Amino acid sequence: MNTKFTTFYRHIIDEERRFPEATGQLSNLLSDIALSCKVISQEVNRAGLIDILGFTGEINIQGEEVKKLDVYANDILTYTLQTGGNVCALSSEEEDTFIPVEGKYSDKFSENKYVVHCDPLDGSSNIDANISIGTIFSIFKRETEKGPGTMKDCLQVGVNQIAAGYVVYGSSTVLVYTAGDGAHCFTLDPTVGEFLLSNENIKIPKESKIYSANEGNYSKWSKGLQNYIRYLKEVDNETRRPYSSRYVGSLVADFHRNLLYGGIFMYPADSKNKNGKLRLMYEANPLSFIAEQAGGKSSNGKIRILEVEPTELHQRTPLFIGNTEDVLMAEKFLKED
Ligand code: AHM
Ligand code: MG
């Protein structure tokens, strides 16, 4: 039994010590998010029992309605963030617009400093099949000085992110986060209820070998993109082609696998969806921050995701993310269009 472990909280506190002016709010916020994810993880593990113990929409034994898991995850996260005293505004895939939050304490030194965007349960179409799903979050510092946050605080460009991360509820529950000094992975030890450091300073492997895309959309893709996919399937030993195709259909799970094994994930624009499917603020931005911290790259096919100016909270964007060389190659093929 290893007795030398680092908990998530210890790690974020140590990171925070790099900044003498830090007030502890970011550590508290990350810790609140980790706690919410532990609770969600617990419910995800029980999801299969809903068929046995009661359907969603039914009243459970405590007299409460059994909630759908994505609604439950949203409720946990939004409640925790609204009451933690660190967040002035938050947005979620499950909410129509952002939620402004009143400061918890009245003195100006403890003004809620952060804005959070989250996808409480990404990949939710996979829940009933016991396939990995996850939570994604993105954190910005507020732009306004005080009071409840505004749309201006929310609509910041991705390079302004202070921290970002995701949790995968898979064969084990893992949390990956960055606060701008590398990307670090923690695994939930359910016996003690703590995320323990399992992979510090993750770097995406140099040798890429996987592409992930919903190829069912092939006929709707541009010629350049179709050519890129064909290129990935050609035989060429020097460039390790053909690549393997892997697609879970949960962004977090596909991204996490490629981060560890090397590869590119794509959700491109197509003839029906001009901006693709995925959301900039709570899917593309946070994963792009992590990809870059791990030595990878992320693009909308033309420019760096982290430089895309947001105009609305639920804005969609095409996404190409993973090994730098792969993303550059995808961009090159897309220039043919
Ligand atoms: P969700 O946030 O509603 O779960 O939707 C996003 C999901 C991503 O996790 C995944 O990459 C993508 O949608 C899969 O889409 P498709 O079924 O079109 O391949
Ligand atoms: Mg999602």
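Everything numeric here is computed off the predicted structure, so don't read it as measured data. We use all heavy atoms of the structure for the numbers below, so side chains are in, but hydrogens, waters and symmetry mates are not. One-based numbering, in listed order, for ligands and for the atoms of each.
In terms of polar-atom proximity, defined here as any N/O pair under 3.5 Å, Ser125 makes no such contact with ligand 1. Here's the thing with Leu251: one of its N/O atoms is less than 3.5 angstrom from an N/O atom of ligand 1. When only interatomic distances are considered, the shortest N/O to N/O separation between Asn217 and ligand 1 does not fall below 3.5 Å. Looking at Gly123 next to ligand 1, an N or O pair under 3.5 Å apart turns up.
Of the possible donor and acceptor atoms, one in the side chain of Gln25 sits under 3.5 Å from a partner among the backbone N and O of Glu111.
Remark: Lys223 NZ is loosely packed, at most 12 non-hydrogen atoms of other residues, nucleotides or ligands lying under 6.0 Å away. The local environment of OH in Tyr79 is sparse, with at most 12 non-hydrogen atoms from other residues, nucleotides or ligands closer than 6.0 Å.
Per-residue contacts place Asn214 under 4.0 angstrom from the following atoms of ligand 1 (heavy atoms of the residue considered): 16 (P), 18 (O), 19 (O). Under a 4.0 Å criterion applied to the non-hydrogen atoms of Tyr247, ligand 1 contributes the atoms 14 (C), 15 (O), 16 (P), 19 (O). The atoms of ligand 1 that sit less than 4.0 Å from any heavy atom of Ser124 are 4 (O). For ligand 1, the atoms lying closer than 4.0 Å to a non-hydrogen atom of Ser250 are 9 (O). Close approach of ligand 1 to Asp119 is summarised as follows: ligand atoms under 4.0 Å from at least one heavy atom of the residue are 2 (O). Residue-ligand proximity, Phe265 to ligand 1, at heavy-atom distances under 4.0 Å covers atoms 11 (O).
In terms of heavy-atom proximity, Ser41 sits nearest to Leu188 at OG-CD2, 3.9 Å.
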From CA spacing to verdict: side-chain contact (heavy atoms from CB on, under 4.5 Å), His117, Asn285: CA-CA 10 Å; His117 301 286; Asn285 266 342; over 6 Å; no
Trace of the side-chain contact (heavy atoms from CB on, under 4.5 Å) decision for Tyr9 with His11: CA-CA 5 Å; Tyr9 194 62; His11 200 271; over 6 Å; no
side-chain contact (heavy atoms from CB on, under 4.5 Å) between Lys141 and Val115, intermediate numbers included: CA-CA 6 Å; Lys141 214 171 229 166; Val115 174; over 6 Å; no
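Residue Glu93 holds the heavy atom nearest to atom 3 (O) of ligand 1 of all those in Glu93, Met266, Glu94, Glu215.
Within the 4.0 Å heavy-atom shell around ligand 1 one finds Glu283.
By the 4.0 Å N-to-carboxylate-O rule, Lys233 lies close enough to Glu215 to be salt-bridged with it.
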